[in-house]
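Working notes, beginning with the structure itself.
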Protein chains: 4
Amino acid sequence: MAQSILGIMGPGEKATADNLEWAYEIGKLAARAGYVVLTGARRSGVMEAGLRGAKDAGGQTIGILPSKSKSDASPFADLVVVTGLNSARNYINALTADVMVVCGVEAGTLSEIALALKEQKHVVLITENERASAFLKDLSKEFVHVAAAPEEAMAIVNALLKNAAPN
Amino acid sequence: MAQSILGIMGPGEKATADNLEWAYEIGKLAARAGYVVLTGARRSGVMEAGLRGAKDAGGQTIGILPSKSKSDASPFADLVVVTGLNSARNYINALTADVMVVCGVEAGTLSEIALALKEQKHVVLITENERASAFLKDLSKEFVHVAAAPEEAMAIVNALLKNAAPN
Amino acid sequence: MAQSILGIMGPGEKATADNLEWAYEIGKLAARAGYVVLTGARRSGVMEAGLRGAKDAGGQTIGILPSKSKSDASPFADLVVVTGLNSARNYINALTADVMVVCGVEAGTLSEIALALKEQKHVVLITENERASAFLKDLSKEFVHVAAAPEEAMAIVNALLKNAAPN
Amino acid sequence: MAQSILGIMGPGEKATADNLEWAYEIGKLAARAGYVVLTGARRSGVMEAGLRGAKDAGGQTIGILPSKSKSDASPFADLVVVTGLNSARNYINALTADVMVVCGVEAGTLSEIALALKEQKHVVLITENERASAFLKDLSKEFVHVAAAPEEAMAIVNALLKNAAPN
């Protein structure tokens, strides 16, 4: 049976120290819980931090790359899916992650959140940006969840995936 | 030289009466200003209202369809681009529209806004949802514009496209 | 109602003089017959020759661009659809063209032929490569047509589109 | 470092008994050689046979699904990448597989071969269809390889991947 996949999404080059720490921590916790960690595969920001966290905890990782060149991928991605689709690959991230944890919001990440919600998939935000979380909660009370820290986010993920039938 | 394309984005089945009226009006104004009107092509909501407005003013229209079947398109789309990409076609909408006018925000539309901002393209929101406009302004002060009504939105579009070099 | 779209497919940089002449001629004939001409939009080979033929005969053109930048498009494309999908845009070419005329076969073009056949769409080959036409006929006797010259290809197209219900 | 991925491509519902046997055998041999096996993920034909072969030999598998629903995937896919892109996912198959082994050719498979060749990736055909192999060899002498049986195909794959720098 297919493995459960946890997406970790967030800024690349513009990630804050908090974003990176959250992503790394989620990667670790996800690996320990037995989930495969998925990110956007690039050698940057939340994408790389999440993969690195998972690898440091002995987990398995998959990266979905926007470019055409496998060599662009983070060395912490065990499996690299090369899409060549530029930001249209965000749709694949949204569909492939069983649940998505978001560590910081910029435009690319927002597109992944929005595409996940469009497909009625659950999104867990770690953020102190109350404007963002209020706005997104307005958009989808049922599928948007807000956590203050990685441990809380993982508790929500675990609860969601325990009850999940595959979509 | 390639024609200027104005995207009109917004809810499908969930569009409000206001959303539909704004979209129809923008379609009309865009046609009169000589822009080709682009929408997501489906027979529904803001997509169809924008195309209908443009056709009622004698304009030209293009629809970018998510499904594989041309027969799903609104009859108000002169040219139907059949993508078969489901919501990954939102990326094409964002890249193909020289400027995007947004008439109401739900998840699918939000993904188009976010993908446009990611690619540094201008987005004009017609909305009374202050939470949405404040949040999106936070995300990109330079590329997000807010208008109270279609005429104001078109004035912003005209100013933007007059100065635009093709991307 | 949506306009009929004729796709003209073939090599870019590697196009032969024959390929270019056929594409130009098909572009002209298609424009005179009232079809919109679609190509892959780049400033090169069969793509540009087909668009140029259509414009020289006063027709309308649309180009489906693989890159993210509208400025990459041929100046003979009236409408430029910017996909950013690299060669995944070949699927859109195959789905959007009501019928495809092929002027020379290399790898990219072959992918468009194959994707069209996969979707049960008609493909008209202008070619003297008997190995190619025999192989493709084997693949799909019903949807592959072979012509020796542009006039014959257009006669096949006209017969196909006259009877066509939109897919 | 990213794992090496071997793609196994071929017909779905129309696969012959030979196609299925080759795919199963390649799946087994690939798993024993330490490659991750990739297919198009559906519960059918060469896709499922290749995944099943790899699992029977204790290997790891990944499936790239054309639909939006993870539940469409073969139970022999460990990791399911959900694309929602219909046949545009064939481009991802072509880019993600380090080398592709083809067990039977129909339209969808041909598009994967063509997209791989377009991106200068190696394709190994197991086929007795001399028309197909002669035509494809014409298209790309350098990147098309022909084998009479799975063992010979794997010998070619091993030689190619030993020398490969990541693209």
Side-chain angles (χ1 to χ4, degrees), chain A residues 9-14 16 40 42 45 64 66 81 83-96 100 102 104-123 125 127-144 146 167, chain B residues 9-14 16 40 42 45 64 66 81 83-96 100 102 104-123 125 127-144 146 167:
Chain A
M9 308 298 166
E13 287 70 13
K14 295 179 191 165
T16 65
R42 293 201 299 108
I64 314 284
V81 175
T83 74
L85 302 178
N86 287 300
S87 291
R89 80 82 155 77
N90 294 4
Y91 186 51
I92 302 176
N93 290 353
L95 286 173
T96 301
M100 185 187 288
V102 175
V105 176
E106 41 65 82
T109 310
L110 182 61
S111 73
E112 288 164 326
I113 297 169
L115 289 164
L117 297 177
K118 166 85 176 164
E119 302 291 343
Q120 307 207 287
K121 304 201 69 157
H122 290 280
V123 172
L125 309 172
T127 181
E128 284 146 356
N129 177 342
E130 297 202 7
R131 200 172 255 175
S133 48
F135 166 68
L136 291 167
K137 270 284 193 193
D138 270 4
L139 209 68
S140 172
K141 212 180 292 297
E142 185 182 352
F143 292 98
V144 173
V146 182
N167 67 322
Chain B
M9 307 299 165
E13 287 70 15
K14 294 178 190 168
T16 65
R42 293 201 299 108
I64 313 286
V81 175
T83 73
L85 302 177
N86 287 301
S87 291
R89 78 84 153 77
N90 293 4
Y91 186 52
I92 302 176
N93 290 353
L95 286 173
T96 300
M100 185 187 288
V102 175
V105 175
E106 41 65 81
T109 310
L110 182 62
S111 73
E112 289 164 325
I113 297 169
L115 290 165
L117 297 177
K118 167 85 176 163
E119 302 292 343
Q120 306 208 287
K121 306 201 68 157
H122 291 280
V123 173
L125 309 172
T127 182
E128 286 146 354
N129 178 342
E130 297 201 9
R131 200 171 256 175
S133 48
F135 166 67
L136 291 168
K137 270 285 194 192
D138 270 3
L139 209 67
S140 172
K141 212 180 292 296
E142 184 182 353
F143 292 98
V144 173
V146 181
N167 69 319

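Note that the coordinates shown come from a computational prediction; the quantities given were computed from them, not determined experimentally.
- Within 6.0 Å of NZ on B/K137 lie more than 12 heavy atoms contributed by other residues, nucleotides or ligands.
- The two residues A/A107 and B/A114 come nearest to each other via the heavy atoms O-CB, 3.4 Å.
- Between chain A and the options B/S87, B/A116, B/G108, the largest number of non-hydrogen pairs under 4.5 Å is found for B/S87.
- The shortest distance between side-chain heavy atoms of A/D138 and B/F135 does not fall below 4.5 Å.
- With respect to chain B, the highest number of heavy-atom pairs below 4.5 Å among A/L139, A/V105, A/T109 belongs to A/L139.
- Residue A/I92: no heavy atom, backbone or side chain, is found under 4.5 Å from chain B.
- Only the side chain of B/E119 comes within contact range of chain A, judged by heavy atoms closer than 4.5 Å.
- Between atom OG of residue A/S111 and atom CG of residue B/L110 there is a gap of 9.0 Å, rounded to the nearest 0.5 Å.
- For chain A, no part of B/I113 is nearby; none of its heavy atoms comes within less than 4.5 Å.
- Contact annotation for A/L117: both backbone and side-chain heavy atoms come within less than 4.5 Å of a heavy atom of chain B.
- Looking at A/S140, there are no atoms closer than 4.5 Å to chain B (heavy atoms on both sides), in backbone or side chain.
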